[in-house]
Protein chains: 2
Amino acid sequence: MPALSIGQVAESSGVKVPTIRYYERIGLLAVPARSASNRREYGPDAIQRLRFIRHARELGFDIEAIRTLIEMQHHPAQSCEQADEIASAQLATVEDRIQRLTALKGELERMLTCCRHERVRNCRVIETLADHDKCLHEAH
Amino acid sequence: MPALSIGQVAESSGVKVPTIRYYERIGLLAVPARSASNRREYGPDAIQRLRFIRHARELGFDIEAIRTLIEMQHHPAQSCEQADEIASAQLATVEDRIQRLTALKGELERMLTCCRHERVRNCRVIETLADHDKCLHEAH
DNA sequence: CTAAGTGCTATAGCCGCTATAGGAGCAAGT
DNA sequence: ACTTGCTCCTATAGCGGCTATAGCACTTAG
């Protein structure tokens, strides 16, 4: 079974080459073996690991959370309570962001629909930005 | 009318002191006069300007967009088309983010409800992260 | 044998702040 | 007058999570 180059691993995992090196530097990815000419040589498990990381990143988990999740993967017999906690916290964060963004969306829409598209002088967009009291939602 | 200190301006605008200095450095806020002892002295308009910036930041506009919006405020007779464009672009960005986050929310919820809260070995959270194919939504 | 491609390291930059260090000045209490 | 504590000043570094650049070594295809 031939060793995989960083380029091949990048290709199959969907993680870019410099990002892989970055993950190695911050200790998220195991330091691989090196060839005679000092190139990184990966086994196929590196691809799995990177896919795991990529998927977690796509779901918005930060590096520290991913570090913990990977650590847990190494202890399959342990309770997965902590994984649940991490995922729940992430869910709460996502829900909070959605709520905030939805409020912003409303305000942006109102700004835009109220604007009569004339002059800056009486542009509703500019007015609303200048005067927070013009917002209906006091959320922010 | 006495000049306002950076602390007073920060207080009334809701923008922190170091942030005000930062905005000055990047040319977003006009350079104020200085007292004999080299302290910044603001007029009341600085508070309005900072409130504008703060509100725009809260709505997710980036610094460059705000720079343009402020520039427009200085030309009240111009058409406000550009302000509309900036706000529309921001609305599109926000809508896109909401959509993505909603997809993530769904996946996180599925991860959590499928987990039987036992061992890491068969933890649905970990499994899902490891294998993207377990996602129903292929959005990401 | 050459040229393109891939790999390597080290370092700087991105955004929008925030924190830290090290100093000067001002206001109020003793 | 003195001290204490607050605000102010500058300059610089750090945050997260990469991404870009420079300058070199090596490999592979034609």
Side-chain angles (χ1 to χ4, degrees), chain A residues 2-29 31-42 46 49-50 52-70 86 89-90 93-94 97 100 104 140, chain B residues 2-29 31-42 46 49-50 52-70 89-90 93 97 100 104 140:
Chain A
L4 300 159
S5 74
I6 196 169
Q8 293 171 315
V9 169
E11 172 77 14
S12 350
S13 68
V15 179
K16 290 183 195 154
V17 169
T19 307
I20 295 176
R21 290 198 276 246
Y22 168 71
Y23 287 160
E24 181 184 323
R25 225 170 42 242
I26 63 170
L28 195 60
L29 191 66
V31 176
R34 295 285 183 135
S35 75
S37 61
N38 197 36
R39 299 186 167 203
R40 287 171 179 83
E41 293 187 321
Y42 294 94
R49 169 63 34 87
L50 282 166
F52 184 95
I53 295 171
R54 184 166 76 98
H55 196 189
R57 287 294 300 132
E58 282 168 352
L59 287 169
F61 292 97
D62 64 22
I63 300 286
E64 280 319 298
I66 297 172
R67 221 185 274 278
T68 308
L69 290 165
I70 287 173
I86 292 172
Q90 183 56 25
T93 303
V94 167
R97 270 191 216 148
R100 287 167 188 276
L104 299 194
H140 59 275
Chain B
L4 299 158
S5 73
I6 195 169
Q8 292 170 318
V9 170
E11 173 76 13
S12 349
S13 68
V15 179
K16 290 184 195 152
V17 170
T19 307
I20 295 176
R21 290 197 276 245
Y22 168 71
Y23 287 159
E24 182 184 323
R25 227 171 39 242
I26 64 169
L28 195 60
L29 191 67
V31 175
R34 293 285 182 135
S35 75
S37 61
N38 197 36
R39 298 185 170 205
R40 288 171 180 82
E41 293 187 321
Y42 295 94
R49 170 62 33 88
L50 283 166
F52 184 95
I53 296 171
R54 183 165 78 98
H55 196 188
R57 288 292 303 133
E58 281 168 353
L59 287 169
F61 292 97
D62 63 23
I63 300 286
E64 279 320 297
I66 296 172
R67 222 185 273 277
T68 309
L69 290 166
I70 287 173
Q90 183 58 25
T93 304
R97 268 190 217 149
R100 286 166 188 278
L104 299 194
H140 59 274

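Chain letters run A, B, ... following the sequence lines, proteins first, then strands; residues in each count from 1. Heavy atoms only: backbone and side chains are in, while hydrogens, waters and symmetry mates are out.
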Can you tell me how far [atom2] of [Y] sits from [atom1] of [X], rounded to the nearest 0.5 angstrom?
X      : Y     : atom1 : atom2 : result
B:R100 : A:E58 : CZ    : CD    : 10.0 Å
A:R49  : A:I20 : CZ    : CD1   : 13.0 Å
A:R40  : A:S5  : CZ    : OG    : 11.5 Å
B:I6   : B:E24 : CD1   : CD    : 7.0 Å

Check: protein-nucleotides 19-28 of chain C nitrogen or oxygen pairs below 3.5 Å:
unit_1 : atom_1 : unit_2 : atom_2 : d
C:dC26 : OP1    : B:S37  : OG     : 3.4

* Asked: Reckon B:T19 has a side-chain N or O less than 4.0 Å from the OP1 or OP2 of C:dT18?
  -> yes
* Return no unless some side-chain N or O of A:R40 is found under 4.0 Å from OP1 or OP2 of C:dT9. => yes
Spacing between [X] atom [atom1] and [N] atom [atom2], to the nearest angstrom:
X     : N      : atom1 : atom2 : answer
A:I66 : D:dG16 : CD1   : P     : 13 Å
A:D62 : D:dC15 : CG    : C1'   : 12 Å
A:R54 : D:dC18 : CZ    : C1'   : 16 Å
A:L29 : D:dG17 : CG    : C1'   : 15 Å
B:I20 : C:dC17 : CD1   : C1'   : 13 Å
A:L4  : C:dG7  : CG    : C1'   : 15 Å
B:E41 : D:dC9  : CD    : C1'   : 14 Å
B:I63 : C:dC14 : CD1   : P     : 14 Å

* Asked: Residues two or more places apart in sequence or in another chain: which of them pass side-chain contact (heavy atoms from CB on, under 4.5 Å) with A:R39?
  -> A:S35, A:S37
* Taking everything shown except A:R97 itself, do over 12 heavy atoms lie less than 6.0 Å from its CZ? -> no
* Min side-chain heavy-atom separation A:R67-A:I26 under 4.5 Å -> yes
* Closest non-hydrogen atom pair between B:G7 and B:V17, with its separation -> CA-CG2, 4.1 Å
* Contact summary for A:G14 and A:R54, nearest pair of heavy atoms -> O-CD, 3.4 Å
* Structure fact -> What residues 21-28 of chain B contributes to the DNA chain D interface at heavy-atom separation below 4.0 Å is B:R21
* Do any pairs count as a side-chain hydrogen bond (donor to acceptor under 3.5 Å, both in side chains) and have a residue in residues 9-22 of chain A, sequence neighbours left out, and if so which ones? -> none
* Decide yes or no on side-chain contact (heavy atoms from CB on, under 4.5 Å) for B:I53 and B:R57, but give the supporting numbers first. => CA-CA 6 Å; B:I53 296 171; B:R57 288 292 303 133; 4.2 Å; yes
* Structure fact -> Ranking A:R57 and A:S35 by the position along DNA chain D of their nearest nucleotide, the one closer to 5' is A:R57
* Structure fact -> When the rotation axes relating C1' atoms of four end pairs to the next four are compared across the helix from C:dC1-D:dG30 to C:dT30-D:dA1, five pairs an end, they differ to 10° by 10°
* Could you say whether B:F61 or A:G7 is positioned toward the 5' end of DNA chain C, judged by the nucleotide with the nearest heavy atom to each? => A:G7
* Structure fact -> Taking D:dC9, D:dG17, C:dG7 as options, the one with an atom nearest any side-chain atom of B:R34 is D:dC9
* Asked: Under the salt bridge (Lys or Arg N to Asp or Glu O under 4.0 Å) test, which residues partner A:R34, sequence neighbours left out?
  -> none
